Amino acid sequence: MITVSTRARSARRLASLLAVRTGVHVVVRYDRLLRRYQVVWIDGPDEAQMRTVAMANATVVPDIDLGELLWHRSVS
């Protein structure tokens, strides 16, 4: 059974993995209104590149459905 804490740990792991692979600060947080996880970062790779990095490392975070993530890149 996948618990909230298991998903939260996977979300933190995904954020760390994306940050290391892309060189930008990444946050993966749960949006309670939308009931989905959101990946947030500033500058760096575009959404398609970030998705590619996440998908290439999907086995590291099996508790997160990468296809259901929301992606939000801000530009400074």
Side-chain angles (χ1 to χ4, degrees):
M1 179 177 176
I2 298 173
T3 64
V4 173
S5 62
T6 302
R7 279 196 191 103
R9 271 193 303 277
S10 287
R12 288 190 302 273
R13 190 167 191 184
L14 177 61
S16 294
L17 180 130
L18 291 172
V20 168
R21 299 278 196 272
T22 63
V24 297
H25 179 72
V26 179
V27 175
V28 179
R29 63 178 172 228
Y30 189 72
D31 185 313
R32 290 177 190 224
L33 292 175
L34 298 175
R35 299 166 96 176
R36 291 170 67 183
Y37 279 93
Q38 181 178 34
V39 181
V40 180
W41 71 102
I42 298 172
D43 296 328
D46 63 21
E47 180 181 329
Q49 293 168 320
M50 194 66 84
R51 281 179 186 261
T52 299
V53 173
M55 294 305 286
N57 295 279
T59 58
V60 178
V61 289
D63 301 321
I64 297 287
D65 183 349
L66 299 178
E68 291 294 317
L69 292 173
L70 300 172
W71 302 83
H72 181 75
R73 176 182 180 249
S74 297
V75 181
S76 61

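Since the structure is predicted, the reported quantities are computational estimates derived from the model, not experimental observations.
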Any heavy-atom pair between the side chains of [Y] and [X] that's under 4.5 Å?
X     : Y     : answer
Trp71 : Arg73 : no
Val28 : Ile64 : no
Ile42 : Val75 : no
Leu17 : Val61 : no

Of the non-hydrogen atoms in [X] and [Y], which two are nearest, and what is the gap between them?
X     : Y     : result
Pro62 : Thr59 : CD-O, 3.4 Å
Arg36 : Leu69 : NH2-O, 3.9 Å
Arg21 : Val53 : CB-CG1, 3.6 Å
Val26 : Met50 : CG2-CE, 4.1 Å
Tyr37 : Ala11 : CE2-CB, 3.6 Å
Leu18 : Ala54 : CD2-N, 3.8 Å

Point-to-point distance, once rounded to the nearest 0.5 Å, from CG of Leu14 to CG of Asp63: 11.5 Å
Any chain of hydrophobic side-chain contacts (each under 4.5 Å) joining Val27 to Leu66? no
Just wondering, more than 12 heavy atoms not from Leu70 lying within 6.0 Å of its CG? yes
Arg13, CZ atom: more than 12 neighbouring heavy atoms under 6.0 Å: no
The test is side chain to side chain contact (heavy atoms under 4.5 Å, CB included); show your working for Arg7 and Tyr30 and say whether it passes. CA-CA 10 Å; Arg7 279 196 191 103; Tyr30 189 72; over 6 Å; no
Hey, is the main chain of Val24 close enough, under 3.5 Å, to the side chain of Asp43 for a donor-acceptor pair? no
Is a side-chain N or O of Asn57 found less than 3.5 angstrom from the main chain of Val60, in a donor-acceptor match? no
